[in-house]
Amino acid sequence: MSNHLAIATVTAVLNKLLQEGISQDVPGAQITTQRPDAPGGNISGARINVFLYHAMPNTAWRNADIRTRRPKGDLVKHGQASLDLHYILTFYGNEQRLEPQRLMGSSIQTLIDSPLITQEMIRETITSSNLQELEASTLAEQVQLVKFFPSDITTEELSRVWSVFFQIPYSLSFAYQATAVVIQGRKPGKSPLPVRSRRFFTSPVRPVL
């Protein structure tokens, strides 16, 4: 299971994957992580902005954590929450040179080739990342591998995201989903009472018709 740094770690891995992909296809392009309506700061030119805009319970794992306490309230096991993370990738650049469209194609191709977050990818990201806060992440210990795939989102839903969340003119964007991130609670369940002694009995039993 993962700790509270799992969500941020998934975002960091996604950033690293995209950066490696677009560096070959669109040299000089960069990755940012900010609200699409925020100013670009000192970054200009071709870039992809990665923004986590929504998280919701994973339906497949929802029933895996129904009973974590006994009737008296004692913990039986660690509690957990399974989440699907929804990202919106926004593409910026020179429209005359079709940079946003080239970045969109490059990012989709990159995630087609690397749809799963492996333990090695997580460790490499934590090692190479400038975020020292991710050093304590335990996402690599999660048994269920996190997978990226395109979100099933319509044009109407995508336009609603832009109008409600950002309230700025639409830019070329594409939605991706990461599933499933399993975050475990800190409080452990109580250990069962120790067995004082074991006794074994055998007795011959004849079959009776």
**Prompt:** Between Met56 and Leu83, is a side chain to side chain contact (heavy atoms under 4.5 Å, CB included) present by the stated rule, with each step listed?
**Reply:** CA-CA 6 Å; Met56 62 182 301; Leu83 303 175; over 6 Å; no

**Request:** Applying side-chain contact (heavy atoms from CB on, under 4.5 Å), name anything that partners Thr154, two or more places apart in sequence or on another chain.
**Result:**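 Listed in chain order: Glu156, Glu157.
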
List the atom of [X], the atom of [Y], and the distance in Å for their closest heavy-atom pair.
X: Gly21; Y: Thr110; result: CA-OG1, 3.4 Å
X: Val10; Y: Ala178; result: CG1-CB, 4.0 Å
X: Pro100; Y: Asn94; result: CD-O, 3.6 Å

**Message:** Give me each pair satisfying salt bridge (Lys or Arg N to Asp or Glu O under 4.0 Å) with a member in residues 106-119, each pair once, sequence neighbours excluded.
**Reply:**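 Listed once each, the pairs would be none.
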
Once rounded to the nearest 0.5 Å, what's the spacing between atom [atom1] of [X] and atom [atom2] of [Y]?
X: Asn3; Y: Gln142; atom1: CG; atom2: CD; result: 10.5 Å
X: Gln101; Y: Glu95; atom1: CD; atom2: CD; result: 7.0 Å
X: Ile153; Y: Ser159; atom1: CD1; atom2: OG; result: 8.5 Å
X: Leu103; Y: Ile48; atom1: CG; atom2: CD1; result: 4.5 Å
X: Gln177; Y: His54; atom1: CD; atom2: NE2; result: 9.5 Å
X: Arg35; Y: Ile88; atom1: CZ; atom2: CD1; result: 11.0 Å

Side chains of [X] and [Y]: donor-acceptor distance under 3.5 Å anywhere?
X: Asn58; Y: Ser82; result: no
X: Thr11; Y: Tyr87; result: yes
X: Thr90; Y: Asn49; result: no
X: Ser163; Y: Gln167; result: no

Do [X] and [Y] make a side-chain contact, defined as non-hydrogen atoms from C-beta onward lying under 4.5 Å apart?
X: Leu17; Y: Leu111; value: yes
X: Tyr92; Y: Pro36; value: yes
X: Ser128; Y: Lys16; value: yes
X: Leu14; Y: Val50; value: yes
X: Ile22; Y: Ile31; value: yes
X: Thr9; Y: Thr125; value: no
X: Val146; Y: Leu85; value: no
X: Phe174; Y: Ser107; value: no

Whether [X] side chain and [Y] backbone form a donor-acceptor pair below 3.5 Å:
X: Gln30; Y: Arg47; result: no
X: Gln184; Y: Ser2; result: no
X: Thr32; Y: Gln34; result: no

**same_hphob_cluster(Leu145, Tyr176) at 4.5 Å side-chain heavy-atom cutoff** =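 The answer is no; the residues belong to distinct hydrophobic clusters.
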
**Connected via hydrophobic side-chain network under 4.5 Å: Leu98 and Ile108** = no

**Request:** Show your working on side chain to side chain contact (heavy atoms under 4.5 Å, CB included) between Ile126 and Arg123 and close with a plain yes or no.
**Result:** CA-CA 5 Å; Ile126 294 175; Arg123 296 189 180 100; 5.9 Å; no

**Chi angles and distances behind the side chain to side chain contact (heavy atoms under 4.5 Å, CB included) call for Thr138, Leu5** = CA-CA 7 Å; Thr138 58; Leu5 296 172; over 6 Å; no

**Item:** Derivation of the side chain to side chain contact (heavy atoms under 4.5 Å, CB included) call for His86 and Ser151
**Value:** CA-CA 8 Å; His86 295 265; Ser151 294; 3.8 Å; yes

**Request:** Any ring-ring contact (aromatic ring centres under 6.0 Å, His included) involving residues 123-164? Give me the pairs, sequence neighbours left out, ordered by first then second residue.
**Result:** Trp162-Phe166, Trp162-Tyr170

